[in-house]
There are 2 protein chains.
Amino acid sequence: MTEPADPPIFALLTEIGIIEHLARNRAERALPEGLRLSHFVVLNHLVRLGDGRSLARIARAVQVERPAMTNTIQKLEARGLVRGAPDPRDGRGKLVFLTEAGRAMRARAVATMESAIAPVPHGLSAPEIEALLAPLRRLRSALDRARDADPDLQP
Amino acid sequence: MTEPADPPIFALLTEIGIIEHLARNRAERALPEGLRLSHFVVLNHLVRLGDGRSLARIARAVQVERPAMTNTIQKLEARGLVRGAPDPRDGRGKLVFLTEAGRAMRARAVATMESAIAPVPHGLSAPEIEALLAPLRRLRSALDRARDADPDLQP
DNA sequence: CCTCTAATGTTCGATGTCGAACTTTATTAT
DNA sequence: ATAATAAAGTTCGACATCGAACATTAGAGG
């Protein structure tokens with residue numbers, strides 16, 4: 001009468017959930033005062049992929065609903081880290097631009113996060129990490145595709 | 001003037017964060033009405049590892065702060081899925097027991113979650129998943145140990 | 001040209017989580 | 001014993017996220 005073991009994919013997702021939680025906590029503590037991880041993610045996204053993007057586009061890229069992104073952008077604007085401007089080509093759109101302060105803050109955040117995460121002896125060699133990345137990317141793509149696919153599934 | 005690439009461990013944690021988010025959304029939709037993923041996690045924990053555990057102990061195991069667990073347990077009690085009793089051996093403690101309804105609900109939730117996750121073509125073979133699990137468990141242990149270790153770090 | 005549908009950004013209400021603080025009880029040190 | 005320290009569970013206030021709903025604007029079809 002023992003419990004049947006979880007399917008392997010369950011065990012994997014459980015492990016991933018725990019790691020995510022631990023890493024999130026750790027990263028959040030490392031951030032400059034008042035900066036949430038979700039705020040940093042947006043700054044980082046804009047620095048790396050380019051700013052002048054619409055709110056909805058950023059929301060999709062960062063896997064967050066639009067209302068949450070509205071909130072995040074408002075906080076970033078209030079702190080002067082980002083500047084919103086109406087899209088000249090789309091009357092509904094709002095484009096988000098980085099300010100100098102925003103770029104500087106992102107650089108500081110990256111630095112503090114690196115010094116918070118890097119020294120953790122994670123026990124994984126660089127090649128091991130590389131080896132992990134490929135299958136995990138496949139898993140992400142699969143989940144991502146399934147997301148659009150199944151609003152209502154079943155034949 | 002290109003951005004220096006992220007350290008590999010960053011890329012890994014980012015990927016993990018995205019997967020966690022996608023999997024969480026998917027799992028949450030699959031759960032029986034009104035049952036949160038955090039609720040299910042507690043039920044599942046008690047079924048698998050045994051009930052009659054204290055609130056604080058469950059909180060630690062599930063990586064959640066005690067106030068959140070108080071909230072979760074109160075919701076589960078209100079739905080009759082769990083029953084709380086004072087610890088006879090520790091006047092502060094509160095032990096959490098599963099009810100029959102709780103076990104049944106957990107079984108239903110497992111079933112619906114399996115039928116929601118299993119059909120996703122995640123593109124990973126069983127041996128591949130196994131190969132992923134070992135290094136990820138090491139990473140988790142490392143982060144877990146670092147959590148206690150560093151309240152304030154520095155030599 | 002006009003209507004219908006879809007997308008954008010926002011507000012609202014509900015909910016979950018966290019950190020801080022408090023009360024009560026254990027445990028440890030003196 | 002007694003005092004100091006720590007742990008358990010709870011409450012509180014702050015905050016982020018979500019889903020639903022709304023006004024506005026684009027775009028597609030007739």
Side-chain angles (χ1 to χ4, degrees), chain A residues 17-18 20-22 24-31 33-42 52-79 82-97 147-148 151, chain B residues 17-18 20-22 24-31 33-42 52-79 82-97 147-148 151:
Chain A
I18 296 174
E20 191 274 343
H21 199 273
L22 291 168
R24 162 179 299 272
N25 276 354
R26 197 173 185 80
E28 196 105 28
R29 283 177 214 287
L31 287 174
E33 192 53 39
L35 201 66
R36 296 276 154 187
L37 190 55
S38 52
H39 300 173
F40 168 75
V41 167
V42 171
R53 292 164 130 79
S54 81
L55 189 150
R57 195 171 163 203
I58 303 173
R60 277 190 298 269
V62 215
Q63 307 281 3
V64 142
E65 296 304 319
R66 290 198 307 288
M69 188 53 64
T70 294
N71 184 17
T72 297
I73 298 295
Q74 284 172 348
K75 295 296 165 59
L76 289 174
E77 279 182 311
R79 295 186 65 171
V82 119
R83 189 174 45 81
D87 187 336
R89 287 207 231 52
D90 186 334
R92 306 163 296 177
K94 173 183 184 176
L95 303 183
V96 182
F97 295 90
R147 184 164 57 103
D148 308 327
Chain B
I18 297 174
E20 190 274 344
H21 199 271
L22 291 168
R24 161 178 300 271
N25 277 354
R26 198 174 183 81
E28 196 105 28
R29 283 177 213 286
L31 287 175
E33 193 54 38
L35 200 66
R36 296 278 153 184
L37 189 56
S38 52
H39 299 172
F40 167 76
V41 167
V42 170
R53 293 167 130 79
S54 80
L55 189 152
R57 195 171 163 203
I58 304 172
R60 277 190 299 268
V62 202
Q63 308 281 2
V64 146
E65 296 304 318
R66 292 199 308 286
M69 188 53 64
T70 293
N71 184 15
T72 297
I73 298 295
Q74 284 173 350
K75 296 296 165 58
L76 289 173
E77 278 182 311
R79 296 186 63 171
V82 118
R83 188 173 46 79
D87 187 335
R89 285 206 232 54
D90 186 334
R92 306 163 296 177
K94 173 183 185 176
L95 303 182
V96 183
F97 294 90
R147 183 165 57 104
D148 307 326

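Below, each value reflects all heavy atoms present in this structure, side chains not excepted, and no hydrogens, waters or symmetry copies.
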Visitor: Looking at every heavy atom in both A/G34 and A/H39, which two are closest together, and how far apart are they?
Guide: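 What the structure gives for the nearest pair is O-ND1, 4.2 Å.
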
Visitor: Can you tell me how far the CZ atom of B/R83 sits from the CG atom of B/L76, to the nearest 0.5 Å?
Guide: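 Result: 13.5 Å between the selected atoms.
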
Visitor: How close or far is atom C1' of D/dA7 from atom CG of B/D87, stated in whole angstroms?
Guide: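 That distance rounds to 13 Å.
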
Visitor: Quantified as the angle between the terminal helix axes (five pairs each), what is the overall bend of the helix from C/dC1-D/dG30 to C/dT30-D/dA1 to 10 degrees?
Guide: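 Roughly 30°, once rounded to the nearest ten degrees.
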
Visitor: Listed by chain and number, what are the side chain to side chain donor-acceptor pair (under 3.5 Å) partners of B/R79, not counting sequence neighbours?
Guide: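 Side chain to side chain donor-acceptor pair (under 3.5 Å) list for B/R79, sorted by chain: empty.
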
Visitor: Taking CG from A/L95 and P from C/dA7, how many angstroms apart are they, rounded to a whole number?
Guide: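 Going from CG in A/L95 over to P in C/dA7 covers 18 Å.
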
Visitor: Got a list of protein N/O to nucleotides 23-25 of chain C N/O distances below 3.5 Å?
Guide:
{"unit_1": "C/dT25", "atom_1": "O3'", "unit_2": "B/G91", "atom_2": "N", "d": "3.4"}

Visitor: Answer whether the closest heavy-atom distance between the side chains of B/V42 and B/M69 falls below 4.5 Å.
Guide: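 B/V42 vs B/M69: side chains touch.
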
Visitor: Return the polar atom pairs (N/O with N/O) between nucleotides 10-17 of chain C and the protein under 3.5 Å, or none.
Guide:
{"unit_1": "C/dT10", "atom_1": "OP1", "unit_2": "A/K94", "atom_2": "NZ", "d": "3.1"}
{"unit_1": "C/dT10", "atom_1": "OP2", "unit_2": "A/T70", "atom_2": "OG1", "d": "3.3"}
{"unit_1": "C/dT11", "atom_1": "OP2", "unit_2": "A/Q74", "atom_2": "NE2", "d": "3.2"}
{"unit_1": "C/dG16", "atom_1": "OP2", "unit_2": "B/K75", "atom_2": "NZ", "d": "2.6"}
{"unit_1": "C/dT17", "atom_1": "OP1", "unit_2": "B/S38", "atom_2": "OG", "d": "3.3"}

Visitor: Just jot down the side chain to side chain donor-acceptor pair (under 3.5 Å) partners of A/R24, sequence neighbours excluded, or say none.
Guide: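 If we apply the side chain to side chain donor-acceptor pair (under 3.5 Å) test to A/R24, skipping adjacent residues, the hits are A/E20.
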
Visitor: Has A/H21 got a side-chain atom pairing as donor or acceptor with B/Q63's backbone, closer than 3.5 angstrom?
Guide: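 Side chain of A/H21 to backbone of B/Q63: a pair is present.
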
Visitor: Any chance you could measure B/L37, atom CG, to B/L31, atom CG, to the nearest 0.5 Å?
Guide: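 Going from CG on B/L37 over to CG on B/L31, the span is 6.0 Å.
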
Visitor: When you compare the side chain of B/I73 with that of B/K94, does any pair of heavy atoms fall below 4.5 Å?
Guide: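 Counting from C-beta outward, B/K94 and B/I73 do come under 4.5 Å.
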
Visitor: Identify, with sequence neighbours excluded, every residue that meets side chain to side chain donor-acceptor pair (under 3.5 Å) alongside B/D90.
Guide: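 Side chain to side chain donor-acceptor pair (under 3.5 Å) check on B/D90 returns B/R92.
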
Visitor: So, applying side chain to side chain contact (heavy atoms under 4.5 Å, CB included) with B/V41, which one of B/I58, B/V62, B/V64 is it?
Guide: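 Running side chain to side chain contact (heavy atoms under 4.5 Å, CB included) over B/I58, B/V62, B/V64 with B/V41 returns exactly one hit, B/V62.
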
Visitor: Rounded to whole angstrom units, what separation is found between the CD1 atom of B/I58 and the P atom of D/dA7?
Guide: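 Atom CD1 in B/I58 sits about 19 Å away from atom P in D/dA7.
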
Visitor: With a 4.0 Å cut-off on heavy atoms, is B/R60 in touch with a base, just the backbone sugar-phosphate, or nothing at all?
Guide: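 Sugar-phosphate only.
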
